[in-house]
Colleague: 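One structure, pasted below without further comment.
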There are 2 protein chains.
Amino acid sequence: MARAGTTARKTRNQMEKRQAIFEAALDVFSEKGLRGATLEQVAKAAGLSKQNVVYYFAGKDEIYAELLESLLEKWVQPLHDLTADGDPLDEILTYVSRKVQMSRNMPRESRLFATEILHGAPRLGEVLPTDLKALVDEKAAIIQGWMDAGKLAPLDPHHLIFSIWAMTQHYADFDVQVRSVLGPERSASRFEDAEAFIKDMLIRTLRP
Amino acid sequence: MARAGTTARKTRNQMEKRQAIFEAALDVFSEKGLRGATLEQVAKAAGLSKQNVVYYFAGKDEIYAELLESLLEKWVQPLHDLTADGDPLDEILTYVSRKVQMSRNMPRESRLFATEILHGAPRLGEVLPTDLKALVDEKAAIIQGWMDAGKLAPLDPHHLIFSIWAMTQHYADFDVQVRSVLGPERSASRFEDAEAFIKDMLIRTLRP
DNA sequence: ATGATTTCTGCACGATCGGTCAACATTTTT
DNA sequence: AAAAATGTTGACCGATCGTGCAGAAATCAT
C-alpha cells in the first residue's frame, strides 16, 4: 500500500532494489542528463516497471538527488586522503593517480557531477560553498604549508587543485573528443599517457 | 506561406531574426541543455512567439544544430592562430591567454560545447574525428617540431593541448564550483589568477 | 491603390512524460 | 492457514511540448 521508503527502516530487498535503481539511474542520467532521461529508461535499465520504480522512490527528482548525494562522499575521497603526513610531491602525485583512475573507472560519476555543475549545480548549491570549500581550503592550507617550507615551488594552491581537477576529469567528461582527436591507436593508452603527462607537468612545476 | 529559410537567400530581416533566435538559443541551451530547454523559452528570450520561431527555423533541433555549427569556427579560432612563425613559448602562452579570455567572455559557448561533448557529441560526431583531429594534429606537429629543435621541453603535444583545453575551459564550465570554493572575495580575480597560474605552470613545464 | 510576398498568430493535434490509484500477487508474520 | 505487510502491474490522467496549418496582418512591389 504505502510507499516503500516512507520510514527510515529498509529491508534487505528494499536496499537491493534501490541499489539497482541507483545503478540504472547512474547509467541513464550520466548519459542523457536529468531532463533528457525518462523514468521509463531508468526503470527498464533496472529491470523494473516505471510504477515499481516510483514505489521505491518518490519520483525522478528524488532518485537523482539521492544518487548525487550517495556518490558525493566517494567522489571527494581522494582529496580527503591527501594529508600532511607524507612527502609533498608524493601526496600530490598520488592524488593525480587516483583522480585519473577515477576518470577511467568511474566516468559515469564524473559526467554526472560535471553535468550538474555545468548547469549551475541547483541540487548541490548548499554543499559547494560549505563542505567542498572547507575541504579544499584545508588541503590548500596543507599545500601552502609545504610551499612555505620550501618543499614545493610557490604557487596558488587553490588553482593547483583546480588544474588537477580539470586535467584529470577532462579524460572522463570529454572522452569522445579525446578519442576522436587521438585516433583509435593512440586512444588505447590515453589514460596511462595522460597520467604520465600530468605527473610530468606537475613534477616540473612543483619542483622548488 | 512557405517557411523563411527554405531558400538559401536570406533577406536582412530574416538574418536579424535568425540572429536574435541564435542569441536567445545560446542563452537557453547553454543553461538548460537541449532537452532541458523548451522552444517557448527560446522564443520568449528572442521576443518572438513559439510559432514564429518555427517560421524561421524548421524546429528545435535545427536551431541547436545550426547554432553549434555557427559557433564552431569561432570556437577553434585561437588554436588555428597558433603558428610556427612566432616564439614557441609566446605562441603557447598567447593561446592560453585567448582561451582564458574566451572562458571569461564566452562562457555560454563553452558550456554549450561542453554539454554536447559530455553527452557523446551526437551532433558533432562527424567533425571531431576529421576536422578537429586534423587541426590538433597539425598544431601538435608544430609543437613537436619546437621540442625536437630543443626550444621546448619534450612532452606529448596532444596531451599538452588537452591540458590547456581542460584548465582554461574549467573556469567557464565549472564556474559555479570555482566561485563556491574560492569564496566571494577571491572570485573577483579568478580569471586573472587562473591565467597567471596556468602560464606559470606552462613556463615551468615547457622550459627546455 | 492593388496585388503579391513576407511575417505572424490562433487553434489544435498527437506524442510523451511524470505521476496516481486501485487491484492483484507475493512474501512475511502471527 | 489466516492475516498482514510488502511488492508489482495495468489503466489512466493532467500537463507539457513540438509541430502543423489556415488565415490574418503587415510589408513590399508595381
Side-chain angles (χ1 to χ4, degrees), chain A residues 1-29 31-68 115 119 122-123, chain B residues 1-25 27-29 31-68 119 122-123:
Chain A
M1 42 179 310
R3 241 192 58 249
T6 299
T7 66
R9 259 266 139 294
K10 301 285 194 311
T11 72
R12 173 176 192 83
N13 189 347
Q14 279 169 18
M15 291 302 290
E16 289 176 356
K17 289 289 168 62
R18 286 172 63 93
Q19 198 54 43
I21 293 172
F22 273 151
E23 176 65 24
L26 178 56
D27 249 33
V28 177
F29 286 148
E31 188 186 331
K32 313 208 170 190
L34 172 57
R35 308 263 165 106
T38 73
L39 255 184
E40 223 155 75
Q41 293 170 330
V42 174
K44 187 176 181 179
L48 300 174
S49 69
K50 185 174 70 167
Q51 307 94 315
N52 204 5
V53 169
V54 182
Y55 174 72
Y56 289 100
F57 289 90
K60 190 184 173 184
D61 288 11
E62 193 188 274
I63 301 177
Y64 183 79
E66 289 199 23
L67 177 64
L68 268 188
T115 306
H119 290 26
R123 287 147 234 274
Chain B
M1 41 177 309
R3 240 191 59 247
T6 299
T7 67
R9 258 270 140 290
K10 301 282 196 313
T11 74
R12 173 176 191 84
N13 189 345
Q14 279 170 17
M15 291 303 291
E16 288 176 357
K17 290 288 168 63
R18 286 172 64 92
Q19 200 52 44
I21 294 172
F22 272 151
E23 177 65 23
D27 249 32
V28 178
F29 287 147
E31 189 186 330
K32 314 207 170 192
L34 171 57
R35 309 262 165 107
T38 73
L39 254 185
E40 222 157 78
Q41 292 170 332
V42 174
K44 187 176 181 179
L48 300 174
S49 70
K50 185 173 67 166
Q51 305 94 322
N52 203 8
V53 169
V54 183
Y55 173 73
Y56 289 99
F57 289 91
K60 189 184 176 186
D61 287 12
E62 194 189 274
I63 300 177
Y64 183 80
E66 289 198 22
L67 177 64
L68 268 188
H119 290 23
R123 286 147 236 274

Colleague: Going through the distances and angles, do B:Ile63 and B:Phe29 end up as a side-chain contact (heavy atoms from CB on, under 4.5 Å)?
Modeller: CA-CA 10 Å; B:Ile63 300 177; B:Phe29 287 147; 4.1 Å; yes
Colleague: Answer yes or no: does a side-chain N or O of A:Tyr55 lie under 4.0 Å from OP1 or OP2 of D:dT8?
Modeller: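 False: A:Tyr55 side-chain N/O out of range (4.0 Å or more) of D:dT8 OP1/OP2.
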Colleague: Select base, sugar-phosphate, or nothing to describe what A:Ala37 touches, counting heavy atoms under 4.0 Å on all strands.
Modeller: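 The residue A:Ala37 makes sugar-phosphate contact but no base contact.
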Colleague: Measure from CD on B:Gln51 to P on C:dC13 and round the result to the nearest Å.
Modeller: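 Answer to the nearest Å: 15 Å.
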Colleague: Regarding C:dG19, can its base be found pairing with the side chain of A:Lys60 as donor and acceptor, where the two atoms are less than 3.5 Å apart?
Modeller: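 Side chain to base: no pair present.
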Colleague: Mind calculating the distance between CD (B:Glu16) and C1' (C:dT7) to the nearest angstrom?
Modeller: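 So the two atoms are 14 Å apart, to the nearest Å.
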Colleague: In whole angstrom, what separates B:Phe57's CZ from D:dG20's C1'?
Modeller: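 These atoms are roughly 19 Å apart.
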Colleague: Do the side chain of A:Arg18 and the main chain of A:Tyr56 share a donor and acceptor less than 3.5 angstrom apart?
Modeller: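 Yes.
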Colleague: In terms of side-chain heavy atoms of A:Tyr56, which of D:dT8, D:dG10, C:dC11 is nearest?
Modeller: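 The listed nucleotide nearest to A:Tyr56's side chain is D:dT8.
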Colleague: What's the CE-P distance between B:Met15 and C:dT6, to the nearest Å?
Modeller: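 Spelled out: CE on B:Met15 to P on C:dT6 is 16 Å.
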Colleague: Within the pair B:Ser49 and C:dC8, is there a side-chain N or O less than 4.0 Å away from OP1 or OP2?
Modeller: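 So the side-chain polar atoms of B:Ser49 never come under 4.0 Å of the phosphate oxygens OP1 or OP2 of C:dC8.
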Colleague: Any donor-acceptor pair under 3.5 Å linking the side chain of B:Lys50 with the backbone of B:Thr38?
Modeller: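 Here the side-chain-to-backbone pair does not exist.
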Colleague: With a 6.0 Å cut-off (strictly less than), is the heavy-atom count around CZ of B:Arg123, excluding the residue itself, greater than 12?
Modeller: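 Result for CZ/B:Arg123: enclosed.
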Colleague: Could you tell me how far apart A:Lys44 (NZ) and C:dC17 (C1') are, to the nearest whole angstrom?
Modeller: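 One finds 16 Å between C1' of C:dC17 and NZ of A:Lys44, rounded.
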Colleague: What is the distance, to the nearest angstrom, from the CG atom on B:Leu34 to the C1' atom on D:dC17?
Modeller: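 Answer to the nearest Å: 13 Å.
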Colleague: Below the 4.0 Å mark, does D:dG7 have OP1 or OP2 next to a side-chain nitrogen or oxygen of A:Gln14?
Modeller: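 The answer is yes; a side-chain N or O of A:Gln14 sits under 4.0 Å from OP1 or OP2.
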Colleague: Examine distances only and state if a side-chain atom of B:Lys60 and a backbone atom of B:Leu34 form a donor-acceptor pair shorter than 3.5 Å.
Modeller: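 It does hold such a pair.
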Colleague: Write down the distance between CD1 (B:Ile63) and P (D:dC17), rounded to a whole number of angstrom.
Modeller: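 Checked: the CD1 to P distance equals 15 Å.
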Colleague: Please determine whether a side-chain nitrogen or oxygen atom of A:Lys17 lies at a distance below 4.0 Å from atom OP1 or OP2 of D:dT8.
Modeller: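 Affirmative; the distance criterion is met.
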Colleague: Side chain of B:Asn52, heavy atoms from C-beta onward: which of C:dC8, C:dC17, C:dT20 has the nearest atom to it?
Modeller: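 It is C:dC8.
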Colleague: Take A:Leu39 and B:Lys50, find for each the nucleotide of DNA chain C with the closest heavy atom, and name the residue whose nucleotide sits nearer the 5' end.
Modeller: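 It is B:Lys50, whose closest nucleotide lies nearer the 5' terminus.
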Colleague: Rounded to whole Å, how long is the line connecting atom CD of A:Glu40 with atom P of C:dT16?
Modeller: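 It is 10 Å, rounded to the nearest whole Å.
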